[in-house]
Structures are given as C-alpha cells and as structure tokens.
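Atoms within a ligand are numbered from 1 in the order they appear, just like the ligands themselves.
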Amino acid sequence: MKIKNLFSEKNVVFSLEVFPPKSTTPIENIYKTLDELKDLKPDYISVTYGAGGTSSGNKTCELSSLIKNKYNIEALAHLTCINSTKETIENTLKNLKDNNIENVLALRGDIPLDQKPIGDYNYGFELVDYIKKHHDFSIAAACYPEGHTESISLDKDIERLKQKVDCGTDYLISQLFFDNNLFYEFNDKINKKNINVPIQAGIMPVINKKQIERIVSLCGASLPPKFIKIMNRYEHDKNALRDAGIAYAVEQIVDLVSSGVKGIHLYTMNNPYVARKINESIKSIIGSVNNDLAI
Ligand code: FAD
C-alpha cells in the first residue's frame, strides 16, 4: 500500500522508525525488536539508510522487505543520494520495487566530510524529482521545524522545502523537536507558503543524556528548560531518566494530536520497551481521533 493514501483514511497516521542492525549484531536481535513493535500495530515502520554506498542500501532494503513481506506491516525505506551515483540509486529503487516496497523517504543525506561528493545529486529535491519521474513510489521527504542546520534562515529553508514538495513529495516527516510551539509556528509558516501536504511530527524520547546531546548537536533542536531539568535531574538514574523521557514524549504527542497533527513518527532507536510504553499511553488518544473519521 502507498502510505500517502493513509492520510485520507486516518486523521492521525502513527509510524515507527528503526535502523538496520550493525554487521556485528546478530540478526535475531532485529527479529525480537520487530516482534515487539508489530504488537503496537503501527501504520508503517520506516528503516533508516546508513551513510555510505551500496551496502547500506542493501541492508535498508533487506530490513524493509522483512517488515513488509514477513511481518505484513507497510514499510518505508529511507534513501539518501549525496553519496550515490545515479546508477546506484536506480539499482536500489529497482531492488526495493522487486521486494514489493512501495514507499521511499527521499533524502539528500549529510555531506560527507572525508570525501568529495559524487555530484550526481546535490539536494533532496533532485532525488524526489527523479523518483517521481521514473518510478511509482509514494514519496516522503524530510522537513525541519527549526530550520536545517546548513540553512541561513528558516525562511530560506522553507523556500527550498517548497521546491522539494512541488517536485512530487506526497508527505513530510519532521526532524525531532522538543518544543511543540516551534512545530506549530513552522506549520503556520509553511501553510502561508502553500505547502499543504500532510506532516508527521518526529518524536524522539530521551532515554540517555549523552545520546540525546549528541543527536541534538547534530540536528540543532532546541531544548526547552523543562526538558533540560529532566535530563539534569535524572542523568545518573537510568530508569528514572527513561521514565521521565517517556512521560515527556507522551505529553508532546497528546498535545500534538489534540492540536490536529496529521501524524506521529516515533524514533524508536530500536528500543521496543520505550515504544511500547509510549504506545500504551497514546493509543486511546490516537484511536479516538481516528474514530471521529469513522463516525
Ligand atoms: P535537502 O532537502 O536537500 O536540504 C539540505 C540543505 O540544502 C538545507 O539546508 C536546504 O535548505 C538546502 N537546499 C535545499 N535545496 C536547495 C537548493 N536548491 N539550493 C540551495 N540550497 C538548497 N540521514 C541519513 O543519512 N539516513 C537516514 O535514514 C536519514 N533519515 C532521516 C529521516 C528524517 C525524518 C529526517 C528529518 C532526517 C533524516 N536524515 C537521514 C538526515 C538527513 O539526511 C540530513 O538532515 C541531511 O543533511 C538533509 O537531507 P534533506 O533530504 O532534508 O536535504
């Protein structure tokens, strides 16, 4: 099924994100993770694409295929282009299609620091444009409520986003954020620019202070005082930090869903316990909003 169609069937689309296991991790671990995530009945599961060429693409395809064909859950394969030739991208897309995958998250990827970019693709919109013109996938793209780290301003970034959407993006998934007001302001701004495709809000629960600090330094998300207080107060108590992180994410989601967000995309970090706890607290809320459509 094409994920873009879910947005007309549901008021809120709920998805989970996983990453392929490292080659040193036994494959059984991902089966265990997926067994648990399946019980949460997500609308789809997305699979990240590691930095680097063909081998990371194969892993994404392999795991997406497992999700789609063994677990019978819709799969969204991430695909980055900055590090790939046109030929590699075409082969990856064919491989996805051969594995019954109908959904791609088209990304530029981070510019590699240690090698010269290949140059076949320089921006995400070029990949969206290529897929739209040559294939029949439902196409998602990334957006940044606080602006992309390389962008000189949020307004400029939104201008570029408009171009990416106009090339054939069916829906957007946002970068993680911890301050819902920034997401609402972003929505108002993009609506004014006639960007009207559905957006799923990207939510990442904090379960480890170091990990969140590293991610935030990479993506530039701002940390509200309430969030910093939680991290500082419980940083040395693993379970307390995890539980406070879960509670914070739940509060964000309840507010977003009540405010009419079209979707929630949970960055699970392959941690089914956290995903399950969050799901337990939000399923009746998402269910209630989706029931409104059925009435
Ligand atoms: P673009 O849309 O190309 O934007 C990148 C920058 O270029 C922005 O600053 C934009 O303003 C600017 N820009 C765009 N168009 C133009 C133009 N025409 N002229 C000049 N400037 C322009 N990375 C991975 O490696 N693997 C993953 O699996 C992965 N999954 C992700 C999932 C989500 C939901 C998100 C939000 C990000 C993900 N990323 C992933 C990170 C992403 O690859 C990086 O943020 C990357 O730096 C930007 O990718 P993009 O597709 O958003 O780029």
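Residue Tyr184 places its OH atom among more than 12 non-hydrogen atoms of other residues, nucleotides or ligands, all under 6.0 Å distant. Lys2 NZ: more than 12 foreign heavy atoms inside a 6.0 Å radius.
For a threshold of 3.5 Å applied to N or O pairs, the pair formed by Gln163 and ligand 1 contains at least one separation below that value. Residue-to-ligand polar distances place His78 within reach of ligand 1: an N/O pair is separated by less than 3.5 Å. Below 3.5 Å of separation, one finds an N or O of Tyr49 facing an N or O of ligand 1. Close N/O approach between His148 and ligand 1 is found [any backbone or side-chain N/O within under 3.5 Å]. In terms of polar-atom proximity, defined here as any N/O pair under 3.5 Å, Arg108 does make such a contact with ligand 1. When only interatomic distances are considered, the shortest N/O to N/O separation between Gly124 and ligand 1 falls below 3.5 Å. Backbone and side-chain nitrogen or oxygen atoms of Ser174 are examined, and none is located within less than 3.5 angstrom of a nitrogen or oxygen of ligand 1.
Remark: the backbone N or O of Phe14 is paired with a side-chain donor or acceptor of Asp43 at under 3.5 angstrom. Judged purely by atom type and a 3.5 angstrom limit, Asn270 has no side-chain atom pairing as donor or acceptor with the backbone of Ile30.
Remark: ligand 1 atoms within the under-4.0 Å shell around heavy atoms of Ser151 are 9 (O), 11 (O). Proximity to Ala142 (heavy-atom distance under 4.0 Å) selects the following atoms of ligand 1: 35 (C), 36 (C), 52 (O). Using a 4.0 Å cut-off to heavy atoms of Ile173, the atoms of ligand 1 that qualify are 34 (C). The atoms of ligand 1 that sit less than 4.0 Å from any heavy atom of Gln175 are 36 (C). Of all the atoms in ligand 1, the ones that sit under 4.0 Å from a non-hydrogen atom of Thr48 are 28 (O).
Ranked by closest heavy atom to atom 23 (N) of ligand 1, the top entry among Thr80, Asn83, Ile152 is Thr80. Around atom 38 (C) of ligand 1, the closest heavy atom drawn from Val128, Leu107, Asn122 belongs to Leu107. Around atom 11 (O) of ligand 1, the closest heavy atom drawn from Asp157, Leu127, Val47 belongs to Asp157. When Lys164, Glu17, Arg160 are ranked by how near their heavy atoms come to atom 16 (C) of ligand 1, first place goes to Arg160.
Contact detail for Thr169 and Ala140: the closest heavy-atom pair is CG2-C, 4.2 Å. Contact between Ser138 and Tyr171 at its shortest, heavy atoms only, is OG-CE2, 4.2 Å. Closest approach of Asp170 and Phe137 over heavy atoms only: OD2-O, 4.2 Å.
The existence of a salt bridge linking Glu213 and Lys209 is confirmed by a sub-4.0 Å separation between a basic side-chain nitrogen and an acidic carboxylate oxygen. A salt bridge does not link Lys189 to Glu185: none of the charged nitrogens lies less than 4.0 Å from a carboxylate oxygen. Using a cut-off of 4.0 Å between Lys/Arg side-chain N and Asp/Glu carboxylate O, Glu150 and Arg160 are scored as not salt-bridged.
In this structure, atom 50 (P) of ligand 1 has a protein heavy-atom contact shorter than 4.0 Å.
Contact annotation for Leu105 and ligand 1: only side-chain heavy atoms (C-beta onward) come within less than 4.0 Å of the ligand. For His265, no heavy-atom contact with ligand 1 is shorter than 4.0 Å.
At least one heavy atom of Gly109 sits under 4.0 Å from some atom of ligand 1. For Tyr144, the heavy-atom gap to ligand 1 drops under 4.0 angstrom. Not a single heavy atom of Leu176 lies less than 4.0 angstrom from ligand 1. Remark: distances from the non-hydrogen atoms of Tyr267 to ligand 1 include one below 4.0 Å.
Counting only N and O atoms by type, the side chains of Tyr234 and Asn239 include no donor and acceptor under 3.5 Å apart.
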So Lys156 and Glu159, salt bridge (charged side-chain N to carboxylate O under 4.0 Å, His left out) or not? Walk me through it. CA-CA 5 Å; Lys156 196 74 198 163; Glu159 225 177 84; 3.0 Å; yes
Walk me through whether Asn95 and Asn99 qualify under side chain to side chain donor-acceptor pair (under 3.5 Å). CA-CA 6 Å; Asn95 199 7; Asn99 280 279; 3.2 Å; yes
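The protein heavy atom nearest to atom 47 (O) of ligand 1 is Asp110 OD1, 2.6 Å. Here the protein heavy atom with the shortest distance to atom 22 (C) of ligand 1 is Tyr123 CE2, 3.2 Å.
Here CD1 of Ile212 is found 11.0 Å from OG of Ser217. Values are rounded to the nearest 0.5 Å. Rounding to the nearest 0.5 Å places CD of Glu90 at 8.0 Å from NE2 of His134.
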